[in-house]
Amino acid sequence: MNTLLKYISLPLLTLLTSVSIATADVVVVDPGHCAGTPTVCTAIPDGKCANQKGCSSKEEDLKCIGTALECASIVTSKDCDKQAGCYWSP
């Protein structure tokens with residue numbers, strides 16, 4: 001590990017990384033946050049299970065199983081809108 005990096009705090013390191021990325025690319029930040037309660041996997045209709053993050057389908061009976069990803073852990077409006085039960089709140 002680089003000796004200098006060993007002494008830089010995580011927030012500063014994140015800032016430095018963000019700055020270097022921001023100069024190379026356009027960084028888009030969605031104002032707001034993902035809210036709501038994700039639809040439980042067992043309530044997802046057949047064929048839609050793969051769309052719900054955290055859920056998967058059992059091949060034998062096509063039942064949707066798993067634990068749906070919490071809305072608050074989704075950081076973009078696009079991904080939030082795809083998660084059943086979640087919505088983007090400005």
Quiz item: Under the side chain to side chain donor-acceptor pair (under 3.5 Å) test, which residues partner Asp81, sequence neighbours left out?
Solution: none
Practice problem: Supply the atom-to-atom distance Lys78 NZ to Gln83 CD, rounded to the nearest 0.5 angstrom. | Solution: 14.5 Å
Practice problem: Report yes if the side chains of Thr42 and Lys63 come closer than 4.5 Å at any heavy-atom pair, otherwise no. | Solution: no
Quiz item: Are we looking at SG atoms under 2.5 Å apart for Cys64 and Cys49?
Solution: yes
Quiz item: When you measure from the side chain of Gln52 to the backbone N and O of Ile44, does any donor-acceptor pair fall under 3.5 Å?
Solution: no
Quiz item: Nearest 0.5 Å, what's the SG-NZ distance between Cys55 and Lys48?
Solution: 14.0 Å
Quiz item: Under the side chain to side chain contact (heavy atoms under 4.5 Å, CB included) test, which residues partner Ala72, sequence neighbours left out?
Solution: none
Quiz item: Rounded to the nearest 0.5 Å, what separation is found between the CG atom of Leu69 and the NZ atom of Lys82?
Solution: 13.0 Å
Practice problem: Mind checking the CH2-OG1 spacing from Trp88 to Thr76? Nearest 0.5 Å is all I need. | Solution: 6.5 Å
Quiz item: Are the sulfur (SG) atoms of Cys71 and Cys86 separated by under 2.5 Å?
Solution: yes
Quiz item: Nearest 0.5 Å, what's the OG-CD1 distance between Ser57 and Ile65?
Solution: 8.0 Å
